[in-house]
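Inspection log for the structure reproduced underneath, given as structure tokens.
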Amino acid sequence: MGKAQQDMYNAQAKQAEMQARNQVLQNRAEVLNHKRQGIEVLKKISQNLSSINARAAAGSIDPFSGSVQNLAIYNLGKGATDFYTSRENQMIGQAQSSIIEAGGSMQSAQYLMAGKLARQQGYINAIGIMSDRAIQAAGLM
């Protein structure tokens with residue numbers, strides 16, 4: 001009986017590890033999405049700055065001074081905020097993955113320990129039953 005319980009707990013331990021791995025993989029996909037968003041933000045910044053400079057130059061305006069420069073600085077500021085937000089989301093996702101992995105390992109270890117204890121308890125119960133039978137047999141003699 002104790003061995004059967006241990007096998008059940010071992011199966012639950014493997015299941016906990018697999019669930020944790022699955023969650024980590026899903027989380028890594030989200031981290032990659034945040035990274036893609038950051039790259040898209042940088043591309044947009046580059047495109048916007050190019051457009052600002054080209055339009056200013058086409059209108060015979062110095063693209064690196066005055067209100068054109070202020071517009072470029074504003075664009076850079078907004079883009080940098082978006083980029084750093086996506087970067088922070090990446091770091092949070094990576095930290096979450098570590099926490100998920102640790103949680104899965106802890107849960108697995110708990111199930112393995114419960115299985116070990118169940119097996120030991122099975123041995124103790126068997127010894128107790130055998131002792132009771134021996135005492136009963138000795139009483140009959």
Side-chain angles (χ1 to χ4, degrees), residues 1-59 61-141:
M1 181 90 165
K3 175 73 170 120
Q5 281 185 315
Q6 183 181 24
D7 290 343
M8 179 195 67
Y9 282 124
N10 288 347
Q12 286 179 331
K14 283 200 180 287
Q15 183 180 13
E17 287 176 4
M18 288 172 41
Q19 285 175 343
R21 283 188 198 131
N22 185 36
Q23 288 176 341
V24 166
L25 289 175
Q26 288 174 350
N27 204 19
R28 285 185 184 156
E30 289 179 30
V31 168
L32 289 175
N33 284 335
H34 291 301
K35 190 172 188 174
R36 277 190 215 109
Q37 288 172 355
I39 291 168
E40 288 301 316
V41 166
L42 292 176
K43 286 181 182 177
K44 270 294 202 205
I45 291 171
S46 178
Q47 289 172 353
N48 288 344
L49 289 175
S50 296
S51 295
I52 290 169
N53 290 341
R55 287 182 183 151
I61 301 173
D62 181 11
F64 305 109
S65 64
S67 60
V68 176
Q69 183 183 18
N70 290 340
L71 184 59
I73 290 171
Y74 176 79
N75 181 53
L76 279 172
K78 284 292 191 182
T81 300
D82 290 346
F83 175 75
Y84 288 122
T85 300
S86 71
R87 184 76 185 221
E88 287 173 2
N89 288 338
Q90 286 177 45
M91 291 188 296
I92 290 169
Q94 289 168 341
Q96 248 180 342
S97 291
S98 297
I99 292 168
I100 291 169
E101 279 182 303
S105 294
M106 281 179 40
Q107 189 174 13
S108 175
Q110 287 172 343
Y111 281 128
L112 291 173
M113 182 56 74
K116 187 176 180 180
L117 293 174
R119 187 173 187 169
Q120 288 175 351
Q121 188 62 42
Y123 289 141
I124 292 168
N125 289 343
I127 291 169
I129 290 170
M130 290 172 59
S131 297
D132 287 345
R133 302 284 189 227
I135 291 171
Q136 287 176 357
L140 291 175
M141 291 185 171

Once you round to the nearest 0.5 Å, how far does [atom1] of [X] lie from [atom2] of [Y]?
| X | Y | atom1 | atom2 | value |
| --- | --- | --- | --- | --- |
| Y9 | Q15 | OH | CD | 14.0 Å |
| L112 | Q107 | CG | CD | 11.0 Å |
| M91 | N89 | CE | CG | 9.0 Å |
| K78 | K44 | NZ | NZ | 16.0 Å |
| M18 | K14 | CE | NZ | 9.0 Å |
| Q96 | R28 | CD | CZ | 13.0 Å |

- Item | salt bridge (charged side-chain N to carboxylate O under 4.0 Å, His left out) partners for E40, two or more places apart | K43
Shortest non-hydrogen contact from [X] toward [Y]:
| X | Y | result |
| --- | --- | --- |
| A16 | S108 | CB-N, 4.3 Å |
| A20 | I100 | O-CG2, 3.5 Å |
| D62 | V68 | O-CB, 4.1 Å |
| V41 | G79 | CG1-O, 3.2 Å |
| A72 | L49 | CB-CD2, 3.6 Å |
| G38 | S86 | CA-OG, 3.2 Å |

- Message: Can a donor-acceptor pair be found, under 3.5 Å and without considering hydrogens, that links the side chain of S46 to the backbone of L42?
- Response: no
- If you draw a 6.0 Å radius around CE in M8, do more than 12 non-hydrogen atoms from other residues or ligands fall strictly inside? yes
- Might you confirm whether atom CE of M106 has over 12 heavy atoms from other residues, nucleotides or ligands at distances under 6.0 Å? no
- Query: What do the steps show when you test K116 against R119 for side-chain contact (heavy atoms from CB on, under 4.5 Å), and what is the final call?
  - Reply: CA-CA 5 Å; K116 187 176 180 180; R119 187 173 187 169; 5.9 Å; no
- Task: I would like to know whether K3 and D7 meet salt bridge (charged side-chain N to carboxylate O under 4.0 Å, His left out); could you show each step before the answer?
- Result: CA-CA 6 Å; K3 175 73 170 120; D7 290 343; 3.0 Å; yes
- Tell me, with the steps shown, if Q37 and N33 meet side chain to side chain donor-acceptor pair (under 3.5 Å). CA-CA 6 Å; Q37 288 172 355; N33 284 335; over 6 Å; no
- Taking the side chain as C-beta and beyond, is there a heavy-atom pair between Q121 and N125 under 4.5 Å? yes
